[in-house]
2 protein chains.
Amino acid sequence: MGRPKNFEPDVAVARAMEAFWTNGYAGTSPADLAEATGIGKGSLYHAFGSKRELFGKALDLYGQVGSEVTAAYLDEPGTAKERIRAYLAFLVELDCSGPAPRGCLAANTALELGGRDEEALRAVTRITDETIRLLGERIRRGQRDGDVAPEVDADAQARFLMNTIVGLRVMATTHELPALRGIIETALTGF
Amino acid sequence: MGRPKNFEPDVAVARAMEAFWTNGYAGTSPADLAEATGIGKGSLYHAFGSKRELFGKALDLYGQVGSEVTAAYLDEPGTAKERIRAYLAFLVELDCSGPAPRGCLAANTALELGGRDEEALRAVTRITDETIRLLGERIRRGQRDGDVAPEVDADAQARFLMNTIVGLRVMATTHELPALRGIIETALTGF
DNA sequence: CCAATTTTTGACCTCTAGTTCAAGAAAAAC
DNA sequence: GTTTTTCTTGAACTAGAGGTCAAAAATTGG
C-alpha cells in the first residue's frame with residue numbers, strides 16, 4: 001500500500017558504496033549520494049535515515065561481496081598457494097584498473113573513522129576477521145591435501161596474508177603493478 | 001624588522017602534523033589547527049597561506065622525522081633481521097600506545113587524498129621510497145656482514161617489508177598487539 | 001471515487017569550513 | 001617620535017554540508 005518506491009534499495013546501497021569507496025566518507029556529500037544513486041536527497045533521507053546509516057549498509061554490502069569473491073577465488077581448483085596467489089593478483093589488478101586507485105573500503109574506513117566511530121571499527125574488524133578465517137581454512141585444506149607443509153601455522157599465516165593484502169591495497173595508490181606483483185611473490189615464499 | 005612572530009614556525013608545523021595525523025586532512029579544521037598550535041586562525045593563514053600548504057609542510061616533516069627514526073633503528077648494532085624486527089616492533093608499539101591508533105600519516109594521506117591530489121601522492125611516494133631505500137641498504141649491509149644469505153634480493157625484500165609496515169599500521173587500528181607481533185615474526189621468516 | 005498510506009520533490013534551515021580583511025600592536029630604522 | 005614593516009586579532013563573508021519539512025503524487029482498500 002502507499003506509493004511504491006521508484007528505486008531498489010539494494011541498488012542504491014551498491015551505488016552509494018561505490019561513491020564512498022572512491023571519495024571517502026567525509027568526501028561524499030548528500031548531494032553526491034543523490035547524484036550517484038539517482039535519488040533525490042529527501043528520498044535518501046526518508047529511506048535510510050542519515051548519511052551514516054547509509055554508509056553502514058554500504059560497508060556491510062562491501063564485506064558481504066568481498067567474502068563471496070574471496071571464497072570464490074579460493075575454491076577454484078589448485079593448490080592453496082596457487083589459489084591465494086591468484087586471489088592477491090586479482091585484488092591488485094582490480095585496484096590498479098580503475099581511473100584512480102581507491103584502496104580497500106574497509107581499510108579506508110578504519111583509517112578515516114577509526115578514532116571516532118566505534119561501530120565502524122567493529123564492522124571493519126568483522127570484515128577482516130572473516131577474510132582471515134577464509135584464508136586460514138584454505139591453508140588447512142592445503143595441509144589436508146598435502147600441498148602445504150603440516151608444520152605451517154595456518155592462522156598465523158592467514159593473519160600475515162591479510163596484513164599483506166591491506167598493505168598492497170594501500171601501496172596500489174602509489175606504486176606500479178610490477179612492484180606489487182613482486183611483493184606478492186615475496187610474501188608467498190613463506191609457506 | 002617589523003613585528004616579530006610570537007611562535008616558532010617549526011613548532012607550529014609539528015603540532016599541526018599531530019593534529020592531521022590524529023584526525024585526517026578533512027577532519028582537521030582551521031579552528032582545530034588554531035587550537036592545536038595556539039596560534040590565531042588569521043596568523044596561521046598569514047604564515048602558511050592555506051590549510052593545504054600547512055599540510056604539505058606537516059607531511060614533509062613527517063617524512064623527515066620518519067627517515068631519521070628509521071635510520072637510527074637500523075644503525076644500532078645487531079644483524080639485519082634483528083634491527084628490522086626491532087624497528088617494526090617499535091612502529092606497532094607506537095601505533096598501539098596512543099589513546100586511539102592513528103596509523104601512518106603517509107598511508108592515511110595516500111588513501112584520503114590519493115584520488116584528488118597529485119602533489120600529496122608524490123610526497124607520499126617520496127616518503128615510502130626513502131624507507132624502502134633504507135631497508136634495502138640495511139639488507140645489503142647484512143649480506144656483506146654475512147648475516148643475510150647472498151641469494152636474497154635486497155630490493156624485493158625491502159619493498160615487501162615496506163608493504164608489511166603499511167599493512168601493520170592499518171591493522172593496528174583494528175587488531176591487538178599480540179596479533180601484530182605474530183605478523184612481524186611471520187614476515188621475517190622470509191630472509 | 002474517496003480515504004488511507006507511503007514516496008517524492010525541492011525549498012528551506014542551521015552550522016561549520018575555509019578564507020579574507022581591516023584595524024591595532026610590536027618591533028627596527030631614521 | 002615618527003615611519004615603515006611585519007605580525008596579531010577578531011569580525012565578517014561565502015559556499016557547501018547535513019538534515020528537515022510541507023506539499024504534491026502514486027498506490028491500495030473500501
Side-chain angles (χ1 to χ4, degrees), chain A residues 1-59 108-109 111-113 115-120, chain B residues 1-59 105 108-109 112-113 115-120:
Chain A
M1 186 139 159
R3 177 172 177 169
K5 280 189 166 55
N6 80 29
F7 63 93
E8 299 217 64
D10 293 353
V11 174
V13 171
R15 300 235 173 102
M17 180 189 82
E18 294 291 330
F20 283 128
W21 192 353
T22 303
N23 299 311
Y25 179 73
T28 308
S29 68
D32 294 333
L33 290 167
E35 187 179 349
T37 57
I39 304 169
K41 235 184 353 168
S43 291
L44 275 179
Y45 275 85
H46 179 69
F48 298 105
S50 70
K51 176 178 162 180
R52 179 62 184 79
E53 284 176 77
L54 176 54
F55 180 73
K57 303 233 181 214
L59 190 52
N108 300 1
T109 299
L111 293 176
E112 184 178 0
L113 303 180
R116 301 156 255 173
D117 189 326
E118 281 289 335
E119 171 91 20
Chain B
M1 188 136 158
R3 177 172 178 170
K5 281 187 164 61
N6 75 17
F7 64 93
E8 298 216 65
D10 293 353
V11 175
V13 171
R15 300 235 175 101
M17 179 189 82
E18 293 293 330
F20 283 127
W21 193 354
T22 304
N23 299 312
Y25 179 73
T28 307
S29 68
D32 295 333
L33 289 167
E35 187 178 350
T37 57
I39 304 170
K41 243 190 330 179
S43 292
L44 275 179
Y45 274 85
H46 180 68
F48 297 106
S50 71
K51 176 178 164 180
R52 181 61 185 80
E53 285 177 74
L54 175 54
F55 180 74
K57 304 233 182 213
L59 190 53
L105 216 212
N108 301 2
T109 300
E112 183 178 0
L113 303 180
R116 302 157 256 172
D117 189 327
E118 280 289 336
E119 171 90 18

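Numbers restart at 1 for each chain; the letters A, B, ... are given by sequence-line order, proteins then strands. Quantities reported herein were computed from a predicted structural model and do not represent experimental measurements.
Met17(B) contributes atom CE, which lies 9.5 Å from atom OG1 of Thr22(B) (distance to the nearest 0.5 angstrom). Atom-to-atom distance recorded for Glu18(B):CD and Leu105(B):CG is 9.0 Å, nearest 0.5 angstrom. Separation of atoms CD1 (Ile39(B)) and NE2 (His46(B)) is listed at 11.5 Å; rounding is to 0.5 Å. Note that CG of Leu33(A) and CZ of Phe48(A) are 10.0 Å apart. Values are rounded to the nearest 0.5 Å. Between Glu35(A) atom CD and Arg15(A) atom CZ the span is 12.0 Å, to the nearest 0.5 Å. Atom OH of Tyr25(A) is separated from atom CG of Leu59(A) by 11.5 Å, given to the nearest 0.5 angstrom.
Residues of residues 6-19 of chain A having a heavy atom closer than 4.0 Å to DNA chain C, listed by number: Asn6(A), Phe7(A). Within residues 29-42 of chain A, the residues approaching DNA chain D are Ser29(A), Pro30(A), Lys41(A), by heavy-atom distance under 4.0 Å.
You'll find the side chain of Phe55(A) reaches within 4.5 Å of the side chain of Thr109(A), heavy atoms only. Using a 4.5 Å heavy-atom threshold, the side chains of Asn108(B) and Phe20(B) count as separate.
The nearest heavy atom of DNA chain C to Pro4(B) and to Ser43(B) marks one nucleotide each, and the one closer to the 5' end goes with Ser43(B).
Between the CZ atom of Arg52(A) and the C1' atom of dA17(D) there is a distance of 17 Å, rounded to whole Å. Taking atom OH of residue Tyr25(A) and atom P of nucleotide dA17(D), one finds them 13 Å apart after rounding to whole Å. If you take CZ of Phe48(A) and P of dT20(D), they are 16 Å apart, rounded to a whole angstrom. Arg3(A) has its CZ atom 7 Å from the P atom of dT27(D), to the nearest Å. Rounded to an integer number of Å, the gap from CG of Asn23(A) to C1' of dA17(D) is 15 Å.
When DNA chain C is scanned 5' to 3' for any atom under 4.0 Å from a heavy atom of chain B, the first and last hits are dA17(C) to dA29(C).
Pro30(A) approaches Tyr45(A) most closely through the heavy-atom pair CG-OH, 3.5 Å. The two residues Ala47(A) and Lys5(A) have their closest heavy-atom pair at CB-CE, 4.4 Å.
A donor-acceptor pair is defined here as one N or O able to donate and one able to accept, closer than 3.5 Å; such a pair exists between the side chain of Glu112(A) and the backbone of Ala26(A).
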